[in-house]
Amino acid sequence: MFSQLPGFLDRSFFIGFLLPSVLFTTGVYLLLRSLGIEAQPDLLPPSDPILDVTAFGLAISIIAIVLLVINRPLTRILEGYGRFNPFRTLLFLERRRYHKLQNKIKQAKQERAKHSTQKELPAELANQLIANYQMMAERFPDQEAFLLPTAFGNTLRAFEVYPRVIYGLEAIGAWNRLLTVVPRELRESLDATKALMDFWVNLWFLSLSLSLSSAVFLLFQKRSEMIWLPPVLVLLSWLAAKGARSAAVEWGDLIKATFDMFLPDLWRKLGLNIPSTDEEYRQSTDRLNQAFLYRKPRLFKKKTREAQASWMKQD
């Protein structure tokens, strides 16, 4: 939902896409060397070092560009989207973790009720309740119906639902519009934090791809002495997925802060007054969601008439 493609040759592109491709290409080269496979066939003349370096750099650049192009599909696969996504089989685990955390919060509330006559809760109980609430806010969406099959996907869902839960505004329609009122420095910070997540997502994909290809190669070549390699690469991809989830938390915190600090500016930029009562605010955000998502202009009709009147005066 919040994915933005970085420009070529900027810091975000280097961290998120170029660096994983460098690690992947280097890993493939070292793997081929360890297997005794020559990169230069005997039928070809000896290679030129300059050409080798150029070819190596070209391979890195092509892989980085491919990663950039498939960034959104890769992220969605790791989130658990897709009818044929194998991660869909893990949904029951995420539901179990969700219910387990809910039960912890429920038990902590019951314990708090037992201490309702005290001025202060016991420190251990208070810390436990705070930690569980924080984990729920960072780790899961607000409703079980929105759960995804992976921990990474639910971490993203946790901050995607934030503007709806807090402000009644759907992030899908509001985010790109909100970016138009955000200062350049903050947009750069958003890109930088997302680049760290992209780095781990790409490292997850490349490690998994190298694991599968090396397993097939070792199987057909009967190289049992390196049977340890595919499991090690699978472990690396698992660690990369955990790194992507941790980076997503940081990126999500910045996105939530962006809504908190600049949503009033978006209202003003749209020419709308922020309603003073909760009921009016709810109705306005409902109409704003309809305008953003479904092209229903009820909230903007008055604004359009005022703008037309202003243009006629200027003419």
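The structure displayed is predicted, hence computed values, not measured ones.
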If you measure from the Lys or Arg side-chain nitrogens to the Asp or Glu carboxylate oxygens, is any gap between [X] and [Y] under 4.0 Å?
X: D286; Y: R282; answer: yes
X: E79; Y: R76; answer: no
X: R139; Y: E94; answer: yes

Donor-acceptor pair, side chain of [X] and main chain of [Y], under 3.5 angstrom:
X: N85; Y: I77; answer: yes
X: R295; Y: A291; answer: no
X: S211; Y: P230; answer: yes
X: T150; Y: L78; answer: yes
X: N154; Y: R157; answer: no
X: T155; Y: V249; answer: no
X: T180; Y: N176; answer: no
X: D191; Y: S12; answer: no
X: T26; Y: L23; answer: no
X: D265; Y: V182; answer: no

- Assess the pair W267 and F262: is the distance between their ring centroids shorter than 6.0 Å? no
- Give a yes or no on whether the ring-centroid distance for W251 and F159 is below 6.0 angstrom. yes
For a 4.5 angstrom cut-off between non-hydrogen side-chain atoms, does [X] reach [Y]?
X: I63; Y: F24; answer: yes
X: Y281; Y: T277; answer: no
X: T75; Y: L156; answer: yes
X: Q290; Y: F292; answer: no

Under a 4.5 Å side-chain heavy-atom rule over Ile, Leu, Val, Met, Phe, Trp and Tyr, are [X] and [Y] clustered together?
X: I15; Y: L254; answer: yes
X: V161; Y: I166; answer: yes
X: W200; Y: L239; answer: no
X: V201; Y: L206; answer: yes
X: L208; Y: L67; answer: yes

Closest approach of [X] to [Y] (non-hydrogen atoms, all atoms of both residues):
X: L263; Y: L169; result: CD1-CD2, 3.6 Å
X: M197; Y: A244; result: CG-O, 3.7 Å
X: A158; Y: A137; result: CB-O, 3.3 Å
X: G173; Y: L293; result: N-CD2, 3.8 Å
X: F87; Y: G80; result: CB-CA, 4.3 Å

- Does a side chain donor of either Y162 or D253 reach within less than 3.5 Å of an acceptor in the other side chain? no
Roughly how far, to the nearest 0.5 Å, is the [atom2] atom of [Y] from the [atom1] atom of [X]?
X: L190; Y: L179; atom1: CG; atom2: CG; result: 7.0 Å
X: K104; Y: Q128; atom1: NZ; atom2: CD; result: 8.0 Å
X: E188; Y: D10; atom1: CD; atom2: CG; result: 9.5 Å
X: L19; Y: D198; atom1: CG; atom2: CG; result: 12.0 Å
X: I227; Y: S214; atom1: CD1; atom2: OG; result: 9.0 Å
X: W175; Y: T258; atom1: CH2; atom2: OG1; result: 4.5 Å

- Message: Other residues, nucleotides and ligands only: do more than 12 of their heavy atoms fall within 6.0 Å of CE on M135?
- Response: no
- Query: Is the count of non-hydrogen atoms from other residues, nucleotides or ligands lying under 6.0 Å from E280 atom CD greater than 12?
  - Reply: yes
- Task: With ring pair (Phe, Tyr, Trp, His ring centres under 6.0 Å) as the test, would you mind laying out the steps for F152 and W204 before giving the verdict?
- Result: CA-CA 12 Å; F152 174 74; W204 161 79; 8.5 Å; no
- Message: Is the ring pair Y29/F56 parallel, tilted or perpendicular, if the boundaries are 30 and 60 degrees?
- Response: perpendicular
- Message: Show, in sequence, the C-alpha distance, side-chain angles and deciding distance for Y294 and N289, and conclude whether the side-chain hydrogen bond (donor to acceptor under 3.5 Å, both in side chains) test is met.
- Response: CA-CA 8 Å; Y294 311 120; N289 289 328; over 6 Å; no
- Message: Testing Y133, F146, Y98 one by one against F140 for a ring pair (Phe, Tyr, Trp, His ring centres under 6.0 Å), which residue passes?
- Response: Y98
